[in-house]
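Presented below is the structure to which this report refers.
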Amino acid sequence: MFRSKPAHIRRRQWKGILFVLPAFLGVMLFYLIPFLDVMRRSFFQMSGNRFCGLDNYRAVLNNQAFRLAARNTIRFVAVCLPLLLVISFVFAVILTGMWRHLRKSRWLAGDEERAADWMGIWKGIYLVPYAIPAASIVALWKMVFAGKGFFNGVLHLFDLSGVDWMNTGYAFWVLVFSYVWKNLGYSIVLWMAGLMTIPQGIYEAAQIDGAGERTILFRITLPMIRPVIFTIVILSFLNSFKVFREAYLVAGNYPQENIYLLQHLFNNWFMDLSVDKMAAGAGILVVVAGALTMLLQRSWEKSYDSKFAG
């Protein structure tokens, strides 16, 4: 492995290997090995530990609760991801433009340290919702959307009847609002980090050549921040599974059917010790999530190669 390389390079490579070895062993011990054990259990019956092939997967796919949870989860991700990406991108573009104008003002012009301090303050403000604990968000939900909550109180002022929002079909949209609100600032910061890497001179040159806002957006801005887009999509996709905490704390194991997600189902199977079903469901989820991630990465790489080939 290292024979054809000088001794000092070999020593440096061994130092790098030893440096990452503890983290690698931790991932192996606490993630990879348990994951492989879950995959093994998905092909065995819970009682008797007898190999049953794909029977567990068939039972899960034919389970009505799994279908409901999968449908709600897919619907939630399909609604939340585009909504979060579009809203956060619009805010990021507006805020980046405002920040660039502010940098040119007398107040911050030439003072890089002061500008960096103010940027840190604004980013901290954006990230406040992301840092709020789930229990605090649940308390806010109950004060606003409960049967006798703040929102119904406002409706009563206009002689309108209120409802228990978390026990109706509106619960889904309350969950969507919570997800977007909590992750909006984090996504804005990521978008702004990508937008600020684009040199202002490119925009000025495009405007001189007569390029419109639409052309600049699709021909300059989005192509130049493609890696940031991929990162934001993946992180937003993973964060969409964390909203289960809020839904569970509000409504328990069996919430209103529109917010009955896969995490609720897995939690219930865990309580019932249905390890075989839970393992098979986890296997299906890993395959689907992995396929979507690789498809997104492949499409990104293909578009990137086609743009910059030659």
Evaluate side-chain contact (heavy atoms from CB on, under 4.5 Å) for F237 paired with I234, printing each intermediate quantity in order.
-> CA-CA 5 Å; F237 175 73; I234 296 300; 5.6 Å; no
Go through the steps for V275 and F270 under the test side-chain contact (heavy atoms from CB on, under 4.5 Å), then give the verdict.
-> CA-CA 7 Å; V275 179; F270 180 80; over 6 Å; no
Please assess N253 against N267 for the test side chain to side chain donor-acceptor pair (under 3.5 Å), listing each intermediate value before the final yes or no.
-> CA-CA 7 Å; N253 289 335; N267 186 66; 2.8 Å; yes
Criterion side-chain contact (heavy atoms from CB on, under 4.5 Å) on N62 and R67, from CA distance to verdict = CA-CA 8 Å; N62 291 326; R67 292 183 179 181; 3.6 Å; yes
F89 and L217: side-chain contact (heavy atoms from CB on, under 4.5 Å), yes or no, with the steps?
-> CA-CA 11 Å; F89 179 72; L217 174 63; 3.5 Å; yes
Start with the C-alpha distance between T221 and Y203, add both sets of side-chain angles, then the distance that settles side chain to side chain donor-acceptor pair (under 3.5 Å), and finish with yes or no.
-> CA-CA 9 Å; T221 302; Y203 290 125; 2.9 Å; yes
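Annotation for A92 and W191: closest pair CB-CB, 3.3 Å, computed over non-hydrogen atoms. When all heavy atoms of M39 and A282 are compared, the closest pair comes out as CE-C, 4.3 Å. Of all heavy-atom pairs spanning N258 and R75, the tightest one is OD1-NH1, 3.8 Å. Contact between I216 and A206 at its shortest, heavy atoms only, is CG1-CB, 4.2 Å. Closest non-hydrogen pair, I132 versus S136, comes out as CG2-CB, 3.6 Å. Nearest heavy-atom pair, V233 versus L81, reported as atom, atom and distance to 0.1 Å: O-CD2, 4.2 Å.
R50 places no side-chain N or O within 3.5 Å of a backbone atom of F44 that could act as its donor or acceptor partner. Side-chain atoms of S178 never come within 3.5 Å of backbone atoms of V174 as a donor-acceptor pair (strictly under, hydrogens ignored). T73 places a side-chain N or O within donor-acceptor distance of the main-chain N or O of L262, the cut-off being under 3.5 Å. At distances below 3.5 Å, at least one donor-acceptor pair connects side-chain atoms of N72 with backbone N or O atoms of Y260. Listed for the N63 side chain is a donor-acceptor partner under 3.5 Å among the backbone atoms of A65. Checking side-chain atoms of D37 against main-chain N and O of I33 turns up no donor-acceptor pair under 3.5 Å.
Partner W165 forms a ring pair (Phe, Tyr, Trp, His ring centres under 6.0 Å) with one of W173, Y170, W141 and no other, that one being Y170. C80 pairs with exactly one of V176, L85, N239 by the side-chain contact (heavy atoms from CB on, under 4.5 Å) rule, that one being V176.
Enclosure of atom CZ in F19 is not indicated, since only 12 or fewer non-hydrogen atoms of other residues, nucleotides or ligands lie within 6.0 angstrom.
Relative ring orientation between W269 and F66 is described as parallel, the plane-to-plane angle staying below 30° on a 0-90° scale split at 30° and 60°. In this structure, F76 and F172 have perpendicular ring planes: the angle between them is above 60°, well past the 30° mark.
Looking at L249 and I137, their side chains never come closer than 4.5 Å, going by heavy atoms from C-beta outward.
Judged by distance alone, the side chains of Y57 and S42 do bring a donor and an acceptor atom under 3.5 Å apart.
Atom CZ of F241 and atom CD of Q263 lie 6.5 Å apart (nearest 0.5 Å).
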